[in-house]
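Presented below is the structure to which this report refers.
Predicted model only: the values in this text are computed from it and were never measured. Each ligand, and each atom within it, is numbered from 1 in the order the structure gives. Hydrogens, waters and symmetry mates play no part in the numbers below; they use all other heavy atoms, side chains included. Numbering of residues begins at 1 and proceeds along the displayed sequence.
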Amino acid sequence: MKVLVVGNGGREHAIAWKLVQSDNVEVTCVPGNGGTATLPQCRNMEMTQNDFEGITRFCLVNNVKLVVIGPEAPLAEGITDYMRGKGLKVFGPTRAGAQIESSKAWAKALMVEAGIPTAKSAVFDNAADAKAYVEAEGAPIVIKADGLAAGKGVTVAETVGQALTAIDACFSGQFGDAGKQVVIEECLFGQEASVLAITDGNTIRPLLPAQDHKRIGEGDTGENTGGMGVYAPAPIVTPELMERVQREILEPTIATLKQRGIDYCGILYAGLMITPEGDPKVIEFNCRFGDPETQAVLPLLDMPLEKLMLACVNGELEDVDPLRWKPQVSACVVAASGGYPGKYKKDYPITGISDAEGWGATVFHAGTYRKKTGLVTDGGRVLGVTALGDTFDAAFAKAYQALGEIQFQGMYYRRDIGHQVRSAIDLSSEP
Ligand code: AMP
Ligand code: GLY
């Protein structure tokens, strides 16, 4: 069976890696990265991910049975609508469904309509009204550009002054059209968790919950990033809590999307805050697999991924057996380029990956490129090293041992990923 995966990050490497565990699956990644380039039963195709026409033609000529869209940008631009229109089976929501991520104002309105627990909020299309609201509400308060802003559109403002600056940044065009509207939200407290759920638009089933580490610095300090490491299953999301997430969040969201005439097929990713009272509240929805969450969650999945995805595109998820998981835990640590999430350089040679895998870890490539002369860095987040274990201590020990084998100029990683679930962390040595 031929599958095409769109994207070039760690998420797409993990998806392709999981798919090719089935002998009968062959994957083409568009454009893929240095990891998917050498994965067995997998190849890369040099084409940009917004060349909908070119990708579709390739799929039709090569009899591709399933298309998986990794990133949010092509979903928000309607790649699924286009490819479905040509008769292809696409795992990933339509443009209308992707609004759940591409417009925070739209997502908030949907949450209110569906009665989903989330932060109180208001939407503004001009700075004066937004500022008046912030003055009235006080700080801390959260300012969000409405549209896709590559993870940079959210400011958790500790002071009214910071909030006002963030409002000016949005309306001055710093995020382009994404900042034409601003969502202002009550600041939530607690622990964050990511619940990715797979859906055919009628039935929705959560994958194992994960906990990501968004900040660049140890101790969860410094700037926000795409995610510096993750573990699964996150114990904070107990089975009872997962039951509530299913009933109070996932099912009503899908039902409300359906009422709006949206046939949502793919992943619904709920970014949650687990409040100190133990209630799950939605911080945001994403219309795709999380990254790096996918790099920790898929290695635990103990059944073929294409079977689940095909059931979704065919509207038959209800008929699939309950999801099966390995009775282990998973740890993933991200190695980033020096300077990320700010400016960083690319094109540095990477060594030690096979030694790292010798420890029994899996090295997912997030930002790499395979040149004739060897593998080089090609992004902010470069690699995600994932290890499974019977305990989080064992899984993280293995992931960090493996990471110790890898080198590239300026390599940075956090040594405290999983601090919530590990017993002792020694941060005394030089990073
Ligand atoms: P987002 O880009 O929507 O994922 O938001 C980035 C990060 O901002 C989240 O992962 C949270 O850490 C934080 N955040 C967003 N909304 C809130 C909120 N209402 N309360 C507290 N933190 C928030
Ligand atoms: N790890 C956060 C995200 O995928 O949005």
message: Let's go through R414 and D220 carefully: what are the C-alpha distance in whole Å and the side-chain angles of both, what is the deciding distance for salt bridge (charged side-chain N to carboxylate O under 4.0 Å, His left out) to 0.1 Å, and is it a yes or a no?
response: CA-CA 9 Å; R414 276 179 60 172; D220 296 316; 2.8 Å; yes
message: So if I only count non-hydrogen atoms and take anything under 4.0 Å from ligand 2, which residues does that give, chain by chain?
response: D212, K214, G226, Y269, N286, R288, G290, D291, P292, E293
field: ligand 1 atoms in contact with V154 (distance to a heavy atom under 4.0 Å)
entry: 1 (P), 2 (O), 3 (O), 5 (O), 8 (O), 15 (C)
field: Per-residue contact class, E186 against ligand 1 - non-hydrogen pairs under 4.0 Å
entry: backbone
query: Does C187 come within less than 4.0 Å of ligand 1, judged by its heavy atoms?
result: yes
query: Atoms of ligand 1 less than 4.0 Å from N224 heavy atoms?
result: 7 (C)
Which residues share a side-chain hydrogen bond (donor to acceptor under 3.5 Å, both in side chains) with K346, sequence neighbours left out: none
Salt bridge present between R288 and E101 (N-O < 4.0 angstrom): yes
Nearest non-hydrogen protein atom, atom 11 (C) of ligand 1: E192 OE2, 3.2 Å
query: Checking R11 against W17: charged group under 6.0 Å from the ring centre and within 45 degrees of the axis?
result: no
query: Has the side chain of S22 got a donor or acceptor atom that lies under 3.5 Å from a matching backbone atom of P304?
result: no
task: Report the nearest protein non-hydrogen atom to atom 18 (C) of ligand 1: residue, atom name, distance rounded to 0.1 Å.
output: V142 CG2, 3.5 Å
- prompt: In the protein, which heavy atom is nearest to atom 19 (N) of ligand 1, and how far is it?
  reply: E185 OE1, 2.7 Å
Residue pair Q295 / T386: nearest heavy atoms and the distance that separates them: O-OG1, 2.9 Å
message: Suppose we call two aromatic rings close when their centres sit under 6.0 Å apart. Are F289 and Y269 close by that rule?
response: no
Ignoring hydrogens and angles, write down the donor-acceptor pairs under 3.5 Å from the side chains of residues 132-139, residues two or more places apart or on other chains.
from	atom 1	to	atom 2	distance (Å)
E137	OE1	K120	NZ	3.3
E137	OE2	K120	NZ	3.2

- prompt: Is there any N or O on L188 that sits under 3.5 Å from an N or O of ligand 1?
  reply: yes
Results of ring-ring contact (aromatic ring centres under 6.0 Å, His included) for F171 - residues two or more places apart only: none
statement: Quick note on ligand 1: atoms under 4.0 Å from a heavy atom of K104 include exactly 3 (O)
- request: Report the nearest protein non-hydrogen atom to atom 22 (N) of ligand 1: residue, atom name, distance rounded to 0.1 Å.
  value: V156 CG2, 4.0 Å
statement: If you scan protein heavy atoms around atom 15 (C) of ligand 1, the nearest is I283 CG2, 3.4 Å
NZ/K345: more than 12 non-hydrogen atoms of other groups inside 6.0 Å: no
Euclidean distance, E192 CD relative to K281 NZ, rounded to 0.5 Å: 14.0 Å
task: Find the distance between NZ (K214) and CG (N224) and round it off to the nearest 0.5 Å.
output: 7.0 Å
query: What protein heavy atom is closest to atom 1 (P) of ligand 1, reported as residue, atom name and distance in Å?
result: E284 OE1, 3.3 Å
